[in-house]
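Numbered from 1 within each chain, the chains take letters A, B, ... in sequence-line order.
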Amino acid sequence: MLSKPATYDVSLQGSGLVVKAFGRWTIETVASVFDALESDYDALRYETVEFHLSGVEELDTAGAYLLTKAVRVDNVCKTWRLIDGTRGQQTLLSVAADCQMGDPPRRKHQWRETLERLGRATVRFWDELYATIAFIGQFSVMFLGVILRPHRLRLKSIVALMEEIGLDAAPIVAVLSFAIGAVIAYMGANLLGSLGFSVFMVDLVGFAMLRELAVVITAILIAGRSASAFTAQIGAMKMRQEIDAMTVMGLDTFETLVIPRAIACLLTLPILTFLAMMSGILGGLIVAWVTPVQISPILFLSRLQEMVGMQHFWVGMVKAPFFALVIAIIGCRQGLAVTGSVDSLGARVTTSVVQAIFAVIFIDALFAILFFQMGV
Amino acid sequence: MATDKQTDIPPISARGILTQFGPNIIHENLDFDIKRGEIVGLVGGSGSGKSVLMNTLLGLKEPEGGALRYFGKARADLSDDEEMRLKNEMGVLFQGGALFSSLTVRQNVMVPLIEHHDMSQDLMRELADMKIHMVGLPPESAILYPSDLSGGMKKRAGLARSLALDPQILFLDEPTAGLDPIGAHAFDTLILKLREAMDLTVLMVTHDLDSLYAICDRVAVLVDKHIAVYDKLDVVAEYDHPWVREYFGGPRSRAAMATPGQKTNKKGAAPKHAATGL
């Protein structure tokens with residue numbers, strides 16, 4: 001497309017400014033004359049403005065805006081008129097002439113903002129903690145209420161959620177813990193083999209998988225997978241006012257959304273943990289069998305039975321319901337905290353995953369101390 | 001595209017459009033032309049495919065058959081460059097405004113400028129402010145976020161963004177839906193003024209009978225999978241089709257048609273506070 005650049009000629013006749021413009025005055029061309037025209041306007045003293053636009057081939061809002069800069073200066077220009085121009089140009093110029101500028105963007109101060117953000121983050125941390133604890137309280141009351149009146153349980157949604165949280169996650173949980181079991185067995189084969197105790201790798205795999213790894217890995221996976229899903233689902237419902245609609249209809253959000261998720265987690269996480277334990281041990285077993293250590297599956301299993309007591313299985317298992325509740329509570333709470341904007345949805349999903357994983361590891365550490373003190 | 005401005009070639013011309021989702025035919029043999037400088041209203045029952053037609057004309061959806069011509073050129077023949085330029089000639093106001101919620105109103109309007117033009121931040125900001133002013137938003141709204149705006153203001157802000165690049169064709173999807181009558185009327189007036197100032201061609205999908213009567217030059221009725229009638233409103237209202245008769249013969253329509261006197265009165269009063277920009 002041929003584009004003639006925007007050119008102009010500014011002159012002063014008495015107290016009147018005469019602006020002659022030529023060429024195309026459109027958004028593509030005006031940037032080149034922006035500074036020059038503005039300084040020309042500033043340099044002259046005038047009271048009226050005349051526009052001669054017969055040489056203008058094309059004018060759009062950007063061009064009109066630039067030309068009428070002369071008119072918009074406060075307390076300088078009293079009147080303006082268009083000499084030999086079209087009606088369209090007249091309308092455009094008059095629109096541009098009484099245009100007002102918006103408020104300037106908020107100023108930014110690097111240091112102050114850093115401090116401010118730090119302060120806000122601190123306050124937010126305490127607020128979050130408080131809100132989470134309050135939510136746990138509210139949850140406990142509602143949960144007890146539902147347990148005492150089981151007919152209010154929403155079985156259908158619990159089963160659907162169990163499929164979503166449990167069954168759909170089963171393959172990934174199994175594969176991951178299989179891999180972890182295999183890795184531990186390899187490490188054991190290497191380290192213990194050099195000492196001649198390679199048969200102890202069975203104990204290592206058993207202890208590690210049963211006590212810690214199976215349950216923690218499952219919980220972290222579910223925290224990443226389902227806590228984020230809870231937040232996104234409930235958050236989107238909140239954004240689209242579905243939550244409000246439910247409340248108005250007399251449906252309790254806790255009862256319909258939070259409790260089923262919590263119960264579904266509570267029921268599925270132990271099952272997934274069990275699956276992870278078995279699959280991890282299977283990983284160890286296969287590695288032990290195929291590596292030069294050559295512990296046969298039968299030997300592996302009998303040693304496992306002999307050396308690794310049942311209590312270690314329960315040490316791992318007992319943590320699963322706690323993790324399940326924490327994941328569900330954090331996911332749902334963050335979802336309900338979503339406000340109208342897309343940003344807040346994104347931020348809440350992030351927070352929910354981070355908090356859930358943090359909580360899982362933190363609680364696991366607490367349990368480790370507890371079990372150590374108990375001597376289990 | 002700008003060189004086409006003076007000609008009589010219709011900005012948009014659709015011939016024999018066929019749209020279908022699976023076995024479900026939405027449009028069949030649909031012809032539709034929009035003339036330069038017209039405000040065309042598109043009406044049709046719910047589910048008749050008004051929005052689908054708009055998306056097709058916008059290029060968001062490829063029709064299964066038929067030809068689309070923009071400014072006389074077939075869409076299929078456009079080079080990438082020409083297609084980009086064509087996109088800049090079309091502005092859209094989506095129903096909810098579709099503003100980017102993480103940006104302020106001013107930043108929203110600046111997005112197309114930043115994307116398509118190389119100019120200083122200051123100039124861009126000033127041009128954005130001009131558009132914000134033109135759609136009748138107060139200056140202080142420039143630094144507000146969409147979540148701080150009311151429904152009517154959101155539509156105005158969306159309109160400002162759609163006008164950022166001085167498009168020739170403006171698409172409006174239910175522009176007055178959800179606005180109170182005063183706001184809706186002010187919006188209608190605004191569209192008229194903007195057409196005059198910016199030489200716009202407007203296609204609006206609407207159910208607002210008041211706006212149809214107030215500002216549309218021609219009305220197209222989408223029934224039975226094609227544009228059944230496309231003419232001035234009084235001709236369309238007389239058209240012999242059960243849906244059209246029910247639509248324009250209903251009590252709401254008669255009320256809207258019966259009070260032209262009142263309308264002109266309102267027209268004088270409303271723009272003062274509503275469309276201050278113009």
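- No more than 12 heavy atoms of other residues, nucleotides or ligands shown are found within 6.0 angstrom of NZ on B:Lys35.
- Shown here for A:Ile27 and B:Ala164, the closest heavy-atom pair between the two residues is CD1-O, 3.9 Å.
- Annotation: the span from A:Gln90 atom CD to B:Glu196 atom CD amounts to 10.0 Å, rounded to 0.5 Å.
- Residue contact with chain A, scored on non-hydrogen atoms closer than 4.5 Å, involves the side chain of B:Leu113 exclusively.
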When the side chains of residues 228-235 of chain A are checked against the rest of the protein, which donor-acceptor pairs come out under 3.5 Å, sequence neighbours left out?
| unit_1 | atom_1 | unit_2 | atom_2 | d |
| --- | --- | --- | --- | --- |
| A:Ser228 | OG | A:Gly224 | O | 2.7 |
| A:Ser228 | OG | A:Arg225 | O | 3.1 |
| A:Thr231 | OG1 | A:Ala227 | O | 2.9 |
| A:Thr231 | OG1 | A:Gly331 | O | 3.0 |
| A:Thr231 | OG1 | A:Ser352 | OG | 2.8 |
| A:Gln233 | OE1 | A:Arg261 | NE | 3.4 |
| A:Gln233 | OE1 | A:Arg261 | NH2 | 2.7 |
| A:Gln233 | NE2 | A:Glu164 | OE2 | 3.2 |

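- Closest of all the heavy-atom pairs between B:Ser101 and A:Val342 is OG-CG2, 3.3 Å.
- The candidate with the highest count of non-hydrogen atom pairs below 4.5 Å against chain A, out of B:Glu140, B:His116, B:His117, B:Gln107, is B:His117.
- The CG atom of A:Leu92 sits 7.0 Å away from atom CE of B:Met134, with the distance rounded to the nearest 0.5 Å.
- Atom CG of B:Leu127 and atom CG of A:Leu66 lie 8.0 Å apart (nearest 0.5 Å).
- Between chain A and the options B:Met119, B:Met130, B:Arg125, heavy-atom pairs under 4.5 Å are most frequent for B:Met130.
- Atom-to-atom distance recorded for B:Glu126:CD and A:Phe34:CZ is 4.5 Å, nearest 0.5 angstrom.
- Atom CG of B:Asp166 and atom OG1 of A:Thr26 lie 8.5 Å apart (nearest 0.5 Å).
- Note that CG of A:Asp343 and CG of B:Leu103 are 8.5 Å apart. Values are rounded to the nearest 0.5 Å.
- Annotation: B:Glu83, atom CD; neighbour count of heavy atoms from other residues, nucleotides and ligands within 6.0 Å is above 12.
- Neither the backbone nor the side chain of B:Ile132 comes within less than 4.5 Å of any heavy atom in chain A.
- Most heavy-atom pairs under 4.5 Å with chain A, from the set B:Pro146, B:Pro138, B:Ser102, B:Ser141: that is B:Ser102.
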